[in-house]
Amino acid sequence: MSSGPRFRFAPSPTGFFHVGGARTALWNWALAHSMGGTFVLRIEDTDAERNRPEWTQGIIDALEWIGVHADDPHFEGPYFQSQYAEQHIAAAHRLFEQGAAYYCDMTAADVEARNKAEGNQGYQGWSRDRGLGPGPGHVLRFRVPEGTTVVHDLVRGEVSFDNALIEDFVLLRSNGSPMFLLANVVDDLTMGITHVVRAEEHLPNTPKQQMMWEALGHPAPVWAHVPVLVNEARKKLSKRRDKVALEMYRDEGILAEAMVNYLMTLGWAPKGGEEIQPWPQMQADFRLEDVNHSPAFFDLKKLGAFNGEYIRRMSPEEFLEACRPWLFAADAPFPADRFDEAVFLAMAPVIQPRATTLAEAPAVIDFLFLADPAIDADAWAKATATPELVGVLRSSTAAFEALTDWHADALKAAFESAAEANGFTKPGKAQAPVRVAITGRTVGPPLFESLEFMGRDETLRRLRNAGATIG
RNA sequence: GGCCCGUUCGUCUAGUGGCCUAGGACACCACCCUCUCAAGGUGGCGGCACGGGUUCGAAUCCCGUACGGGCUGCCA
C-alpha cells in the first residue's frame, strides 16, 4: 500500500454513470495526483439488485472517458464490496463482543407499532440491555454513545451532531448480511483510506460512520462533503427526471475534455479568472478548501458553450477524427460511400464554428454528400417569392455556366454581378434562391466555398433542376 | 415534524474586513464585422435574501428571520 494520502470513489452500479459521480471522481482524481496519493475505485455492489457485471464495466469505461485511467500509477482497484462480506461481518462481531453493538429481535413492523403506541419516531434503543445474542430474526444494532460527535469537514468546517438524536442503527440485517454503513466503514478502514470526498447527501451519515471508526479503534479519515448537482428546479439531479447519464452526453458528441472542464467548474473555479483550462492546470490547482458550499445547477447551455469552444480549438484533422462515429453512423445524414474526407477536411474550419456538438457536424455540410438534398418547401417558396429573386437564380445560373475559373472568389464575383443585374444593391440579400437550390436550406456554411467543393457539374445540375420547378 | 447544510447578476462563479462605484463566464439585448447562419469584436441589462449587531469601515465576522436543499430504510 502506498504511503501518500488515499482517496476513494465508491459508486454503486446502476446501469449508467451519473454526471455528479463524474465530478466527484474527477475531484478525487485531481487530489490523488496533486497530493501524490492514490485513487481507489471500489464498486459498492452489495445490493444484489444492483449487481450486474456489464454495469461495472460501464463505470470503468466512463471513468476512462473522463481521463481516470485504470492503468495510471495513481489508480488502484477496482475492488468489489460484495467480496468483503466476511470482513464486514467479522468487524460487526468484534463490535458486539466489545459491547459497542447489541442484538435486537424487533422487526421493522414491531418498531413501527411501538412507536405508534408511544407517539415516538425511530428506534428507541429498546433492546440495549436485554442481553440478546445472535439468532434467527435478530439484527445487530450499533450502541450510539452519549455525547456529541464533531465532524471535521474540509469543505464545511466543524459540524456537530447530538448523539441523543442518532438512533441505534442496524449493522447486520436479520439475515446476517452487512448494511451499507458498516461495509463502507470497514472497507475504507481496511483499504487505508485517509480522505473521504463525497457528495453532501452523505453528511448526515457521517457521525455514525465516525463513531464506528472510533469504536473499531481507528481515527476517522479526513471528511469532505461537496455540494450536490441540481436541476432547474433546484432539486438533486435524479435519473428519473433528469438527463444525468454521462454516456448520453458522450453519444451526443460532447467532448470528454469539455465535459471534464465544465464539471470541474461546478462548485469550484480555476485560479486566474479563465474557466477554460487544461486538465493538468486544474488538477494542480484544485483544493477542497476552495469548493463552494451551495448546490450547483447543471446547465446544458453552458456545457454546450464549453463544447463549442473545445471544438473550435481543434485542428481540422482532430476534428475529422472526432467526428468519425457520427459521419459513418447508421443515422448519418448521407450515405457513407458518398462521403469525401478531403472535402470535409477542407470545410472543417467553417463547420467547427457552426457545431455545438460533434453529432451536429455532419448535418452542417450534408448537402455536399447527398445525391439530392431535400429542399425545404417554405424556404424555397420564400426564396423565389419575387420576380427579382427568380431573376437572380436564372442569371447566376447563367453566370456560373460561363465561368472558367471555378473558385470561391470567382463564384462570388459572378454571383454579385448577377444579383446587381436584378436590382440588388446588397448581394447578400439575394443569395437565398441559390443557397436553397443547392443546400435545401436558407442557412449554412459560406455559399461560394461550398460551391467550389461541390464542383461545377453538380452545382449547375441542382441550379437547373431547381429553376425548372418554377416553370 | 426532527436533524444537518446552504443563500453574490437568470445560471456557474471571483471575492477570506478597506483595492467593491462588487469582477469574469454562460444566457439575453444592441451594434460592428459579414455572401446566409454561425464564429469573432464592442457595448448593455442584471446580483451581495432580509433584519439586527460587532467595527472607524462588512458581500466578507456574530445573532435572528425568511427561503432553498439534503437526510430521516433490516437501500447504497
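A note on names: the letters A, B, ... follow the listed sequences, proteins ahead of strands, and every chain is numbered from 1.
- Closest contact between the side chain of A/V228 and the listed nucleotides B/C74, B/G69, B/C71 involves B/G69.
- Here B/G6 is the nucleotide among B/C26, B/G6, B/C71 with the atom lying nearest to any side-chain atom of A/P295.
- With rounding to whole Å, A/K239 atom NZ is found 16 Å from B/C75 atom P.
- The side chain of A/L266 approaches B/C12 more closely than any other nucleotide in the set B/C12, B/U8, B/G1.
- Listed nucleotides B/C26, B/U13, B/C74 differ in distance to A/A305; the shortest reach to its side chain belongs to B/C26.
- No donor-acceptor contact under 3.5 Å links the side chain of A/T265 to the base of B/C12.
- Judged by distance alone with a 3.5 Å cut-off, no donor-acceptor contact links the side chain of A/E200 to the base of B/G6.
- Classified by interplanar angle (parallel below 30°, tilted 30° to 60°, perpendicular above 60°), the ring pair A/F415/A/F448 is tilted.
- Put simply, A/R173 has no side-chain N or O that comes within less than 4.0 Å of OP1 or OP2 on B/G73.
- Taking every side-chain heavy atom of A/M179 into account, B/C74 is the closest of B/C37, B/A14, B/C74.
- Under 4.0 angstrom from either OP1 or OP2 of B/A76 there lies at least one side-chain N or O belonging to A/T46.
- Side chain of A/D153 to backbone of A/G157: no donor-acceptor contact under 3.5 angstrom is found.
- With hydrogens and angles ignored, no donor-acceptor pair closer than 3.5 Å exists between the side chain of A/K302 and the base of B/A27.
- Aromatic rings from A/F344 and A/F453 are positioned such that their centres are separated by 6.0 Å or more.
- In this structure, of B/U8, B/C74, B/A39, it is B/U8 that holds the atom nearest to the side chain of A/S294.
- Looking at heavy-atom distances under 4.0 Å, A/K235 makes contact with sugar-phosphate atoms alone, never a base.
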Please encode protein proximity along nucleotides 41-48 of chain B as a string of B, S and -, counting only heavy-atom distances under 4.0 Å. --------
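- Looking at the side chain of A/K301, the nearest of the listed nucleotides B/C5, B/G70, B/C26 is B/C26.
- The backbone N or O of A/V144 sits nowhere less than 3.5 Å from a side-chain atom of A/N163 that would complete a donor-acceptor pair.
- Across B/G69, B/C4, B/U36, the shortest atom-to-atom separation from the side chain of A/V159 is found for B/C4.
- Checking B/C74, B/U11, B/G70 against every side-chain atom of A/V170, the shortest atom distance belongs to B/C74.
- Phosphate contact (OP1/OP2 of B/U13, side-chain N/O of A/N292, threshold under 4.0 Å): present.
- Relative to the side chain of A/L165, the nucleotides B/C3, B/A76, B/A39 differ in distance, and B/C3 lies closest.
- For a distance-only test at 3.5 Å, the side chain of A/R156 fails to qualify as a donor-acceptor partner of the base of B/C5.
- Distance CZ (A/F424) to P (B/U36): 14 Å, rounded to an integer number of Å.
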